[in-house]
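This report concerns only the one structure given below.
For the single chain, residues carry numbers from 1 onward in sequence order. Atoms within a ligand are numbered from 1 in the order they appear, just like the ligands themselves.
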Amino acid sequence: MEKLLSAFRDRYGGTGDVRIFRAPGRVNLIGEHTDYNGGYVFPAAIGYFSTVAVRKTDTGKIRLGAVDIPDSVELDLAHLGDYKNLTWGNYQAGVAWVLQRAGYEIASCDVLYEDTVPFGAGLSSSAAIEVVFALMLATFSNEKKGIDSPVDMVSLARLAQQAENEYCGVGCGIMDQFACAMGRQDQAIFLDCRDLSYRYVPLALSGYRIVIANTKKKRSLAESKYNQRCAECASALADLQRVYPDISCLRDVSVAMFETAADRVSDPVCRKRAEHVVTECDRVLRSVEALSRGDLCAFGRLMNESHDSLRDLYEVTGTHLDTMVSLSRKAPGCIGSRMTGAGFGGCTVSLVAEDCVDRFTEEVFSGYREATGLEPEFYVTAAFDGAKEIF
Ligand code: GLA
């Protein structure tokens with residue numbers, strides 16, 4: 001924190017109170033590509049953060065910088081719609097634009113970011129950047145208006161998602177922003193994306209650890225393929241609605257309903273996508289149950305099934321993720337392993353016996369390097385609190 005504060009003073013000079021907010025990245029334990037189908041997800045916030053140091057000014061502008069980027073960007077509060085094409089700063093501009101539209105009073109300020117969430121690795125570095133910015137702006141707005149109730153983090157997650165959808169053109173679901181905003185120490189979040197009802201589930205992993213492995217594979221074409229999957233799900237839904245007029249999203253289709261009507265989904269590719277979503281929602285429910293009764297091996301098996309479904313039916317894994325997962329499953333102490341996040345590269349998540357974590361990472365590291373020529377990175381993490389002001 002001291003380092004960030006002194007970097008802030010070096011960059012912007014001046015005096016006056018500097019405050020610090022931070023938001024974590026997230027790992028999704030199971031429930032992939034279900035959120036935009038109204039389904040269930042089961043993420044946890046992780047111990048890697050997007051942190052901002054901020055000081056209010058009276059310039060009518062937000063100056064934005066990051067410790068590892070020499071240049072700063074300036075956002076004029078009267079023209080927040082104009083920054084869609086920035087390569088860095090567009091997410092923050094989008095958040096400010098959406099909050100302003102929602103009636104928040106956007107404060108002028110100088111902001112410096114420090115990020116430890118690995119970028120582009122499927123651990124929600126962009127959601128962390130958005131959510132911390134949204135929390136900071138909403139806090140200032142409430143102070144200005146004399147509102148002393150705490151910021152509503154669920155609406156903030158929704159606004160951050162809107163910024164990504166409408167301003168940055170990424171059609172993501174709500175999971176990432178929700179997890180970054182609502183994470184809780186030692187708990188995972190069982191979230192129903194149809195109505196945003198949620199429940200915390202203790203991550204009682206007795207003797208096991210969550211190990212995230214970064215394939216270091218860049219996520220090529222991830223956005224266009226992501227949007228294509230959304231469209232394929234919409235098409236399967238339209239076909240299934242002819243059989244079940246009351247359903248409004250794929251999550252409304254149970255496994256039994258899907259089995260009865262699968263052949264009514266005319267396109268075989270869309271049928272596979274829908275089968276993944278329907279069975280994945282069911283796996284989330286069974287995972288939460290397994291975890292609640294302390295059956296970690298059952299949870300691990302469901303993680304494996306989830307990956308296999310994402311590989312064979314949803315087709316979002318690819319060689320690097322598949323290699324990482326199969327090496328992980330063979331490595332010491334691993335009882336379940338799957339890709340996490342959107343896929344097409346990024347990270348895997350595995351459940352590994354605590355006393356085997358070192359051997360696990362050593363074996364997977366060398367096997368993966370040999371198979372792909374890339375050096376993976378590992379993050380052994382617990383569940384952390386969501387976004388908050390820390391100084
Ligand atoms: C990305 C999106 C999320 C979710 C996952 C896949 O992380 O931002 O909304 O759809 O992919 O589960």
Side-chain angles (χ1 to χ4, degrees), residues 23-46 48 50 91 94-95 117-131 154 157-183 188-194 196 198 212 214-215 219-234 249-251 273-274 276-281 283-284 287 302-303 306-307 309-311 313-318 321 338-349:
R26 65 97 190 91
V27 62
N28 189 22
L29 299 174
I30 195 160
E32 219 64 83
H33 289 280
T34 49
D35 60 352
Y36 52 86
N37 288 300
Y40 304 110
V41 294
F42 195 42
I46 57 176
Y48 296 84
S50 184
Y91 284 93
V95 167
V117 188
F119 189 68
L123 299 176
S124 293
S125 53
S126 27
I129 287 174
E130 291 155 12
V131 169
V154 173
R158 275 192 145 121
L159 290 167
Q161 181 204 10
Q162 274 170 29
E164 193 154 337
N165 292 165
E166 295 177 35
Y167 202 89
C168 309
V170 184
C172 64
I174 186 67
M175 168 170 71
D176 302 350
Q177 291 78 8
F178 196 98
C180 298
M182 297 294 291
I189 310 168
F190 172 41
L191 171 65
D192 181 341
C193 299
R194 190 170 59 184
L196 295 194
Y198 63 96
I212 298 168
N214 187 346
T215 62
R219 295 181 302 166
S220 58
L221 293 178
E223 263 164 39
S224 57
K225 288 189 189 157
Y226 185 95
N227 291 340
Q228 190 191 341
R229 294 296 179 277
C230 298
E232 288 161 350
C233 288
C249 50
L250 283 182
R251 127 74 189 289
R273 307 300 189 237
H276 165 74
V277 174
V278 168
T279 55
E280 183 78 352
C281 285
R283 280 187 287 274
V284 179
S287 296
L302 289 159
M303 289 172 77
S306 164
H307 183 87
S309 174
L310 289 155
R311 181 191 61 211
L313 298 175
Y314 219 69
E315 297 176 286
V316 291
T317 58
L321 284 167
R338 60 181 290 276
M339 57 152 271
T340 185
F344 315 105
C347 288
T348 64
V349 56

In terms of atom number and element, which parts of ligand 1 are under 4.0 angstrom from non-hydrogen atoms of [X]?
X      : result
Asp35  : 3 (C), 4 (C), 9 (O), 10 (O)
Glu32  : 6 (C), 12 (O)
Arg26  : 7 (O)
Tyr226 : 1 (C), 2 (C), 3 (C), 4 (C), 9 (O), 10 (O), 11 (O)
Gly341 : 6 (C), 11 (O)
Gly173 : 9 (O)
Tyr36  : 10 (O)
Met175 : 4 (C), 5 (C), 12 (O)

Parallel, tilted or perpendicular, judged at 30° and 60°: which one describes the rings of Phe178 and Tyr198? perpendicular

Measure the acute angle between the ring planes of Tyr40 and Phe190, then classify it against the limits of 30° and 60° as parallel, tilted or perpendicular. tilted

Would you say that Arg283 contacts Met303 through its side chain, given a criterion of any heavy-atom pair below 4.5 Å between the two side chains? no

Mind checking whether Asn165 and Cys172 have side chains closer than 4.5 Å, heavy atoms only? yes

Is a donor on one side and an acceptor on the other found under 3.5 Å between the side chain of Thr340 and the backbone of Asn28? yes

Between Glu32 (side chain) and Gly341 (backbone), is there a donor-acceptor pair under 3.5 Å? yes

Take atom CZ of Arg251 as the centre, draw a 6.0 Å sphere, and report whether it contains more than 12 heavy atoms from other residues, nucleotides or ligands. yes

Checking side-chain contact (heavy atoms from CB on, under 4.5 Å) between Val131 and each of Pro24, Ser126, Ser124, Cys180, which is the one that passes? Cys180

May I ask you to check whether Thr34 has an N/O atom sitting below 3.5 Å from an N/O atom of ligand 1? no

So for ligand 1, is Asn28 a polar contact partner (N or O within less than 3.5 Å, distance only)? no

How far is atom 7 (O) of ligand 1 from its nearest protein heavy atom, and which residue and atom name does that atom have? Asp176 OD2, 2.9 Å

